[in-house]
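Start at 1 with the first residue, then count along the sequence.
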Amino acid sequence: MVEAPGTFVEVNDTRVIIGKGLSLDSIKFPDFHMFDTNWKMKLHAEWSEELGTDVVSIKLRHRRRNVDDIWSMDATVKIHFEQDWLKGEIPNCGTVVGKLNSSEIHLCVHIFMQINQSKGIQLRNYIDFARPIPIFSDTIVLVDGVKFHVNRMILSMASPIFLEAFVTNFDERSLELCNISAPDFRRILNIIYPPHLPPKQWIKESDLVEQFEHIQRILRIGKSLQISIVLEVADKWLVKYGRHKLGDTLHLAQAFGLRELMGSKLAKMRSLEEIKKCQDQIQVLSCKTKALILDRILSTL
């Protein structure tokens with residue numbers, strides 16, 4: 001865990017994982033990414049005659065399957081359940097659904113992990129924008145009351161908006177941005193600065209609705225500031241890992257000009273039945289996008 005000058009190593013991270021199932025013992029959690037590794041979490045409930053309740057245990061394991069990977073990690077893991085009913089006694093796994101008056105259980109789990117020692121794991125070196133660094137920072141961008149010490153040349157190369165702002169106000173020692181939060185701007189900066197923060201590091205939500213809103217918000221900032229690399233990295237990630245609804249994905253691809261995502265979704269269309277399932281969302285798409293969809297469907301007939 002060696003820090004480069006002007007950076008800090010991320011040694012702790014959190015995730016909010018939402019599992020779903022018809023009974024406590026059948027709850028399944030989505031895989032998630034932390035510290036250069038994919039993780040799988042499994043909940044197991046076993047009836048205890050002595051205690052007269054179910055004993056719930058959590059198993060967390062990594063998903064690295066390459067035998068050539070030689071790595072080790074010593075970490076502290078804390079798991080917190082949001083649901084109050086899980087913190088008390090549970091009479092029986094099969095009766096939990098009835099008690100909750102629901103056909104499906106939603107279990108929200110907060111996972112906190114801190115790396116104590118590691119080997120063979122690529123930990124992210126984040127740039128420290130909170131303090132001025134000789135050579136690497138020559139101006140200040142003020143966002144929501146937070147100062148970011150940045151380099152004009154790097155921001156100008158990434159965005160013509162920043163280039164125009166710095167040329168117009170060359171003698172000014174600071175620049176203020178509105179309608180953007182400090183955490184979101186920090187993510188944008190880490191995407192702009194080499195080695196460019198990959199989406200698997202800044203997209204941390206496992207819930208698809210929250211994940212979609214987060215991606216949409218970052219893309220909106222990238223588009224308004226004309227930062228092409230933000231759109232490019234999000235486009236590639238959505239093609240490879242995106243699991244969102246077809247209508248939402250097409251709308252996102254159209255709104256932000258994500259060509260790879262649009263082409264990928266069109267290529268996977270096979271029948272009119274797929275279109276009918278998201279007819280309401282497709283109706284609001286542009287005529288150009290609708291024409292592309294129609295052309296694709298006709299080509300499969």
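In plain terms, the two heavy atoms of Ser286 and Gln254 that are nearest each other are N-OE1, 2.8 Å. Contact record, Arg296 with Ala267: NH2-O, 2.9 Å, taken as the closest heavy-atom pair. Across all their heavy atoms, Ile18 and Cys108 have their closest contact at CG1-SG, 4.3 Å. Among all heavy-atom pairs drawn from Leu225 and Ile161, the shortest one is O-CG1, 3.4 Å. Closest non-hydrogen pair, Ala158 versus Ile192, comes out as CB-CG2, 3.5 Å. Scanning both residues, Lys290 and Leu285, for their nearest heavy atoms gives CE-O, 3.2 Å.
If you take OG on Ser159 and CD1 on Ile188, they are separated by 10.0 Å, rounding to the nearest 0.5 Å. Atom CG of Leu43 sits about 13.5 Å away from atom CD1 of Ile17, to the nearest 0.5 Å. Of the inter-residue distances, the one linking Met157 atom CE with Ile227 atom CD1 reads 13.5 Å to the nearest 0.5 angstrom. One distance of note links NZ of Lys265 with CG of Leu252; it measures 11.0 Å at 0.5 Å rounding. His251 NE2 to Met262 CE: the interatomic distance, rounded to the nearest 0.5 Å, is 10.0 Å. Distance check: Leu107 CG to Lys20 NZ gives 12.0 Å after rounding to the nearest 0.5 Å.
When hydrophobic clusters are built by joining Ile, Leu, Val, Met, Phe, Trp and Tyr residues whose side-chain heavy atoms come closer than 4.5 Å, directly or via intermediates, Val284 is not grouped with Ile293. Val109 is not connected to Val209 by any chain of hydrophobic side-chain contacts under 4.5 Å among Ile, Leu, Val, Met, Phe, Trp and Tyr, and they are in different clusters. Hydrophobic clustering places Ile154 together with Ile191 (ILVMFWY residues linked when any side-chain heavy atoms are closer than 4.5 Å, directly or through intermediates). Side-chain heavy atoms closer than 4.5 Å link hydrophobic residues (I, L, V, M, F, W, Y) into clusters, and following such links, even through other members, never connects Phe162 to Leu142. The cluster map of Ile, Leu, Val, Met, Phe, Trp and Tyr, joined by side-chain heavy atoms under 4.5 Å apart, puts Tyr241 and Leu261 in the same cluster.
In this view, Arg259 satisfies the side chain to side chain contact (heavy atoms under 4.5 Å, CB included) rule with no residue, not counting sequence neighbours. In this view, Asp248 and Gln281 satisfy the side chain to side chain donor-acceptor pair (under 3.5 Å) rule, not counting sequence neighbours. Under the side chain to side chain donor-acceptor pair (under 3.5 Å) criterion, Asp184 pairs with Ser181, Arg187, Arg217, not counting sequence neighbours. Not counting sequence neighbours, the partners of Glu260 by the side chain to side chain donor-acceptor pair (under 3.5 Å) test are Lys236. Every residue was checked against the ring-ring contact (aromatic ring centres under 6.0 Å, His included) condition with Phe256, not counting sequence neighbours, and none meets it.
A side-chain donor-acceptor contact under 3.5 Å links Ser224 to the backbone of Arg220. Proximity of a side-chain donor or acceptor of Asn169 to a complementary backbone N or O of Leu175 within less than 3.5 Å is not detected.
Aromatic pair His244/Phe212: ring centres closer than 6.0 Å.
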- prompt: Would Met153 and Asp138 count as a side chain to side chain contact (heavy atoms under 4.5 Å, CB included) if you check the C-alpha gap in whole Å, the side-chain angles of each, and the deciding distance to 0.1 Å?
  reply: CA-CA 9 Å; Met153 184 183 73; Asp138 56 11; 6.0 Å; no
Verdict with supporting geometry, Arg152 and Phe166, side chain to side chain contact (heavy atoms under 4.5 Å, CB included): CA-CA 7 Å; Arg152 297 188 193 193; Phe166 291 138; 4.1 Å; yes
- prompt: Do Val150 and Tyr193 pass the side chain to side chain contact (heavy atoms under 4.5 Å, CB included) test, and can you show the C-alpha distance, the side-chain angles, and the key distance before you say yes or no?
  reply: CA-CA 10 Å; Val150 297; Tyr193 276 69; 3.6 Å; yes
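Other members of the hydrophobic cluster containing Leu163, listed by chain and number, are Val167; membership follows side-chain contacts under 4.5 Å among ILVMFWY residues, whether direct or relayed.
Counting non-hydrogen atoms of other residues, nucleotides and ligands closer than 6.0 Å to CD of Glu164 gives a total of 12 or fewer.
Classification of the Phe148-Phe185 ring pair by plane angle, with boundaries at 30° and 60°, yields perpendicular.
Under the side chain to side chain contact (heavy atoms under 4.5 Å, CB included) test applied with Phe129, the options Ile140, Val141, Asn190 reduce to a single match, Asn190.
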